[in-house]
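Working notes for the structure below.
When a ligand or atom number is given, it counts from 1 through the structure's own listing order.
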Amino acid sequence: MDNLTIIQKGDASGNGMVAKFCLPSGLEIITLPTKNFYGGHWDLGPTWNYAVMADQPFLVDAGRFGQGRHLAEMMAVAGIDPEDFEFVLISHSHEDHDGGLAELVGPTNLKVKAHTVYDLLIRQYPAIAPKGYKQQFPAKCWHCIMPASFYEENCLGYHRVLQDLEVERIGDGREKIADGITSLHLPGHSPDSLAVMLNEEVLIVGDVVLPGITPWPTRLEQYEEVAGILTPLYPEAGSLFGLKCYLNSLMELMQIADRCPDILVLPAHRVYYRDQWHGIHLAERLHQLVEHHIQRCASILEIVATGEKDVDEIARLHFKESLLKGPGKLMAANEIISHAEMMVSSGDLIEVKTHQYAATGSENIEGFIRNS
Ligand SMILES: [Zn+2]
Ligand SMILES: [Zn+2]
């Protein structure tokens with residue numbers, strides 16, 4: 001990669017890799033990747049947090065809960081004092097990005113900026129929360145698929161911190177954060193996903209665009225669970241959730257790719273992985289992601305065209321058996337449902353009963369995606 005200086009070499013997956021990007025404008029961005037614990041087929045590699053050394057320095061993301069010490073160590077290696085940051089901006093509400101806030105915000109009094117939906121969904125709403133152990137979950141975690149034992153070990157302390165967190169809200173569309181720094185709301189992978197554009201030379205994209213892996217989309221149906229909280233501001237499920245919403249966000253990025261074809265894209269995973277740096281050419285990667293979803297829709301449509309099928313049957317016919325083990329089964333179901341929901345919208349499928357689909361005979365999906 002151009003303009004890159006390694007300050008501390010990390011491991012083969014990129015853990016601990018402290019590196020500095022020096023941009024033509026003089027802006028410096030320092031990578032602070034913290035450990036993730038997913039393994040096997042679901043290994044994302046570390047979460048790449050970034051220190052943006054602008055006139056008002058700020059941090060993008062804070063890694064997973066429990067990684068605070070490593071984050072602080074890497075900052076020390078790079079000569080950064082956390083007190084120098086004006087704020088930390090959270091790219092989205094997934095725990096591998098905001099978990100570390102618990103350790104960071106208390107000792108430093110750091111301000112937190114995140115999308116409006118983040119501020120709404122990190123709170124507890126006991127009256128409308130699912131019953132049982134999820135009563136104490138913030139609304140953003142109500143759909144979590146992990147068992148109660150996992151929650152007690154990994155999330156309890158983190159959830160408590162979120163309740164009292166003060167968040168400066170960032171709005172929809174594009175918003176100016178400081179001179180030359182713009183946020184973009186790019187929902188779909190998560191309803192509150194943000195990217196940050198710096199001087200039209202760097203785009204920090206969170207999980208919206210990743211090298212080598214396809215970010216998983218939300219399902220439209222996830223809106224129902226939190227509709228009581230979001231409806232006043234966001235009455236349409238499709239403005240925050242679902243695969244079509246995600247693809248619309250990619251189209252938004254396409255405009256940036258057209259205007260700034262050589263922009264440096266810094267994603268939140270796999271920047272360095274398997275002993276290699278993985279640069280992203282924005283237009284090319286966006287094109288690959290769109291084609292991937294068109295292909296997956298075509299393949300699902302072909303399967304359903306042979307006769308009405310439910311999500312599990314479609315998953316068995318679409319994915320390799322090895323991908324359907326353990327949590328893989330739920331991830332696969334998420335993939336199938338998000339694609340099927342979009343093909344219900346395009347008129348190619350009907351949902352005959354919950355998560356059971358029949359083909360209508362039309363094949364509108366490609367045009368439906370490309371013309372968004
Ligand atoms: Zn994510
Ligand atoms: Zn992530």
Exercise. Within 45° of the ring axis of F87 and under 6.0 Å from its six-membered ring centre, is that where the NZ or CZ of K111 lies?
Worked result: no
For this session: Please state whether the separation between the Zn ion (ligand 2) and some N/O/S atom of H269 is under 2.8 Å?
Result: yes
Exercise. Ignoring hydrogens and geometry, is there a side-chain-to-backbone donor-acceptor pair from S249 to P187 under 3.5 Å?
Worked result: yes
Exercise. Counting backbone and side-chain atoms alike, does H189 have an N/O/S atom under 2.8 Å from the Zn ion (ligand 1)?
Worked result: yes
Problem set entry | Nearest to the Zn ion (ligand 2) - the N/O/S atom of D207, by atom name | OD2
Problem set entry | the Zn ion (ligand 1) to H94: nearest N/O/S atom name | ND1
For this session: Restricting to N/O/S, name the atom of D96 that gets closest to the Zn ion (ligand 2).
Result: OD2
For this session: Examine distances only and state if a side-chain atom of H281 and a backbone atom of E284 form a donor-acceptor pair shorter than 3.5 Å.
Result: yes
For this session: Give a yes or no on whether the backbone of Q295 and the side-chain of S299 come within a donor-acceptor separation of less than 3.5 Å.
Result: no
Exercise. What distance do I213 atom CD1 and R270 atom CZ have between them, rounded to the nearest 0.5 Å?
Worked result: 4.0 Å
